[in-house]
Structures are given as C-alpha cells and as structure tokens.
Engineer: 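Questions regarding the structure given below will be posed in turn.
Whatever order the structure lists them in is the order used to number ligands and atoms, beginning at 1. Being a predicted model, the structure only gives us computed values, none of them experimental.
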Amino acid sequence: MLDQSADQARVAALLRARQPGHTLPAPLYTSTEAYQADCDVIFSRHWIAVGVACDVEEAGDVISVDIGPSSIVILRDDDDALRAFHNVCSHRGARLVPPGRSVVGKLVCPYHQWTYDLSGDLALAPHMGTDFDRGLHHLKPVALRDVGGILYACLSDDPPKDIDALAAVMEPRLAAYDLRNARIAFEQDVIEAGNWKLTMENNRECYHCASNHPQLSLSFHAADFGYDPEGLTVAEQAEANGLLDAYARQGALWERDGLDHVAVEHTVGWPTNFRTQRLIIAGLGESQTPDTRAAVSLPLGTAGRPGMGDVHLWGINSWNHVMSDHAVIFTAFPLGPDRTLVRTKWLVHRDAVEGEDYDLENLTSVWKTTNAEDAHLVAIAQQGVASAGYRPGPYSPFTERALDEFSTWYVDRMTANGYGA
Ligand code: 3BY
Ligand code: FES
Ligand code: FE
C-alpha cells in the first residue's frame with residue numbers, strides 16, 4: 001500500500017514537472033511506475049481502439065486483445081451482436097481465450113472446463129454441486145462501441161460519455177465505406193522498442209516524413225494537419241499556403257458532393273481524444289499505394305469515386321486512413337515501459353478477391369515500409385529519452401502542435417485520475 005502511494009506520488013511529481021510546449025520528463029517514458037500508471041489510467045479508464053467489426057464477421061468468431069496486463073474477448077454472439085468480456089474465467093481467473101482468433105460454439109476455459117455461452121452466461125460448471133448458482137458467475141462484460149466499423153473498448157465500469165461525440169462525427173463520415181461489412185485482407189503486428197507515447201507522438205506529426213518516408217511521401221502531404229503557417233520562413237510559408245489553397249479548392253468540391261471534410265478535433269478537455277479530417281492524397285490522388293492509384297478495383301461500400309481523399313482519424317492509441325478502395329486501421333498497445341505493439345489491418349471490400357481485384361503487395365507495401373521506418377524512429381527516440389543527456393525538448397509550434405496537445409492531454413488525464421498533487 002505504502003509502495004503504491006509512493007509510486008503514485010513519484011508519477012504525480014513528474015507530471016507536475018512537465019513544461020508546456022515540451023516533451024515529457026524522461027521517467028514518464030521509461031519507468032515501470034509510469035507504465036503501470038498509464039495502464040491504470042489511460043488504458044483502463046478511456047475508450048481504446050481495439051479492432052474492427054469485421055474482425056468477428058460471423059456468430060462464434062472470437063478475438064482476444066491484450067490491453068497492458070489485461071485482456072479482453074470480443075465476439076459475435078448467436079444473435080449477431082458484438083460483445084466484449086474480460087478474458088478472465090469466473091472460476092479461478094484463468095485466461096479463457098488464447099491470443100489471436102478463434103471460432104467457437106461456446107467459450108470453454110482450458111483449466112477446469114467451465115463453459116460459457118456467447119452471451120457470457122455460465123452454461124456448465126462441473127463438480128460445483130447442486131446448490132451452485134451459475135447465474136452469479138456470468139463473464140464480466142466490457143463496454144464496447146462500434147463507431148462506423150471501428151471498435152472501441154473501455155475497461156472501466158464508468159466509461160467516458162464523450163464517445164458519443166466521436167460517434168456523432170465519425171458515423172456519417174465513415175458511412176459510405178461500410179467498414180462493418182469489409183474484410184481484413186492482411187494484418188501485421190510490429191513490436192516497437194519504445195514507450196507507447198513515443199509511438200503516438202511520432203504518429204501525430206509528419207515533420208519526419210520527407211526525410212524518413214520516401215514511399216509514403218508520394219501519397220501523403222507532410223503538412224496535412226491544418227496548422228497556421230504564419231511564423232515560418234518565407235519558403236515554408238509558400239509551401240504550406242500552396243497546400244491550404246489546394247484544400248480550399250478540394251474542400252469546395254467535397255462540399256458539393258456532400259462529403260464531410262473539415263477538421264474536427266477533441267483534444268485537451270475531452271477524455272476521448274480524437275482528430276479527423278478528410279485529407280487530399282498526393283500524386284494521382286487515389287490511394288496510399290506506390291503509384292498513388294487505387295490498389296483495389298472494387299471500391300469499399302458505396303465509395304465509388306477515387307477523388308474522395310483519405311478520411312484520417314486518430315485517437316488515443318490509434319490512427320486510420322480510410323480511402324475509397326481500402327482502409328488501413330492501426331492500433332497501439334503498451335507491452336512495457338519501452339515496448340509497444342502496433343497492429344495494422346488492411347480492409348477491402350468483402351467480395352474483393354486477392355490476385356484478381358488487388359495485388360496484396362501493392363495494397364500493403366506503403367504502410368509495411370512506413371511502419372518499419374516508424375519503428376526505427378520510435379526506437380531511436382526511446383534510446384535518447386533513456387540516456388543521461390536527455391532533457392525535454394521543444395515541440396515545433398507549427399508541425400508539432402498536435403504533440404504538444406497530446407502531452408498536455410496526457411498530463412491532464414493522469415492528473416484528473418488520481419495522479420494529481
Ligand atoms: O498516418 C498518420 O496518421 C501519420 C501522419 C503522417 C505519418 N503518419 C504515420
Ligand atoms: Fe476456468 Fe477453472 S479457472 S475453469
Ligand atoms: Fe512516420
């Protein structure tokens with residue numbers, strides 16, 4: 001008990017020491033105490049992106065997802081409803097479902113064979129006696145929300161209500177792509193050698209793109225996050241203004257076509273942190289592929305036109321690119337103070353056939369390459385923050401504004417959830 005509150009006080013002091021406009025004090029990226037605090041606050045009391053509805057297409061499809069030291073089961077029940085439970089048997093607590101995917105009729109605990117219906121009801125518990133009330137041992141439910149086909153879970157019994165705001169913005173933006181009925185063409189897990197916050201910071205800027213992502217840069221404009229270029233050098237301003245002009249022109253066309261495109265940001269002050277904007281795809285403008293043309297001949301949902309750009313959405317532990325021909329859905333899960341799992345799923349129309357409607361390498365190569373490049377950047381950032389010479393550094397007020405907001409949001413959420421003064 002004493003130890004726990006000493007840890008809490010240490011983390012609280014580090015949070016207080018963070019200077020606005022700067023990266024975090026090193027131990028917030030490196031220490032076990034901060035890792036545990038992040039699992040306890042950010043990953044247990046907030047809505048975390050965990051997968052996609054088409055992870056579990058049919059009744060009996062099950063996935064398990066580890067969130068820090070916890071694990072959840074997501075499944076489709078016999079009534080076609082999505083459900084989530086803690087991946088903990090109600091008997092003696094064993095992990096019920098192994099990592100990854102399975103297809104089951106019922107959930108059977110490998111330890112003593114307690115058996116649960118897909119509704120989570122305990123159906124069978126051998127040797128517990130005739131007086132045993134199975135009704136008291138339902139699997140513990142986990143709050144789950146399907147937002148346009150992207151799944152969010154919250155481990156808390158009192159999840160933040162502002163997930164409704166995310167749904168209100170994203171349901172209409174994602175409707176045309178019908179991600180709920182898409183299919184996962186490919187999935188990749190990469191373990192980055194860095195703290196999850198460095199993974200997310202790296203993702204919230206494209207300051208590093210021109211020099212580190214030659215392939216992504218063919219389809220991705222570096223300055224896409226709506227910053228005000230005033231204060232930059234004349235040459236930088238000209239480049240940023242050119243892009244702003246392009247957005248003004250393209251925005252008018254999207255408006256004419258009834259496509260939501262403006263940036264919506266919920267940052268500091270919102271438990272469910274997100275940003276969305278319809279982005280212009282560079283090059284020929286169709287998709288994030290090596291030649292910037294659509295990779296899949298069958299568009300997603302009713303997204304018939306390649307000119308629809310890229311519906312970009314990021315959240316606490318996720319980032320997504322939804323294009324007319326395919327979507328790329330990324331989730332990040334903390335594995336330790338200096339290890340983060342980045343899980344990427346490429347979604348295509350459910351009827352698209354590999355080899356006929358798309359070439360898998362062409363579909364996946366940009367983000368496979370980019371993920372490897374980003375994993376390297378996160379690893380060198382972690383090496384630096386763990387070194388004696390590290391001091392919190394200044395974020396660019398232009399291209400890294402979103403990182404400053406992320407760090408401020410993080411400090412704010414931690415402080416409001418037991419790690420305050
Ligand atoms: O995909 C993203 O959201 C970010 C922005 C640019 C590079 N990147 C990984
Ligand atoms: Fe699951 Fe015993 S722990 S049946
Ligand atoms: Fe990157």
Engineer: Before signing off on this row, confirm whether D374 and ligand 1 have an N or O atom pair separated by under 3.5 Å.
Structural biologist: no
Engineer: Is the H312 ring parallel, tilted or perpendicular to the W314 ring (thresholds 30°, 60°)?
Structural biologist: perpendicular
Engineer: Looking only at side chains, do N273 and H46 share a donor and an acceptor under 3.5 Å apart?
Structural biologist: no
Engineer: To check your reading of the site, what angle at the Fe ion (ligand 3) do NE2 of H213 and OD1 of D374 form, to 10°?
Structural biologist: 90°
Engineer: Which atom, among the N/O/S set of H208, is closest to the Fe ion (ligand 3)?
Structural biologist: NE2
Engineer: Relative to ligand 1, is W314 under 4.0 angstrom through side chain, backbone, both or neither, heavy atoms considered?
Structural biologist: neither
Engineer: Show which atoms of ligand 1 fall inside a sub-4.0 Å distance from at least one heavy-atom site of C209.
Structural biologist: 6 (C), 7 (C)
Engineer: State, without any angle test, whether S407 and Y395 hold a side-chain donor-acceptor pair at a distance under 3.5 Å.
Structural biologist: yes
Engineer: Mark up the atoms of ligand 1 that fall under 4.0 Å of a heavy atom belonging to C206, in ascending order.
Structural biologist: 6 (C), 7 (C)
Engineer: Where do Y29 and E201 land on the side chain to side chain donor-acceptor pair (under 3.5 Å) test, with the steps shown first?
Structural biologist: CA-CA 12 Å; Y29 297 116; E201 288 186 42; 2.7 Å; yes
Engineer: Quick one: name the protein N/O/S atoms under 2.8 Å from atom 2 (Fe) of ligand 2, chain by chain.
Structural biologist: H91 ND1, H112 ND1
Engineer: Any luck finding a side-chain donor-acceptor pair between H326 and S287 under 3.5 Å?
Structural biologist: yes
Engineer: Taking both backbone and side-chain atoms of H312, is any N or O found less than 3.5 Å from an N or O belonging to ligand 1?
Structural biologist: yes
Engineer: Ignoring hydrogens and geometry beyond distance, is a side-chain donor-acceptor pair present between Y410 and D38 at under 3.5 Å?
Structural biologist: yes
Engineer: Distance only, no hydrogens: is a donor on one side chain within 3.5 Å (strictly under) of an acceptor on the other, for D178 and H349?
Structural biologist: no
Engineer: Got a salt bridge between E405 and R401, using NZ or NE/NH1/NH2 to carboxylate O under 4.0 Å?
Structural biologist: yes
Engineer: For the side-chain contact (heavy atoms from CB on, under 4.5 Å) test, which of D66, T340, I48 pairs with F333?
Structural biologist: I48
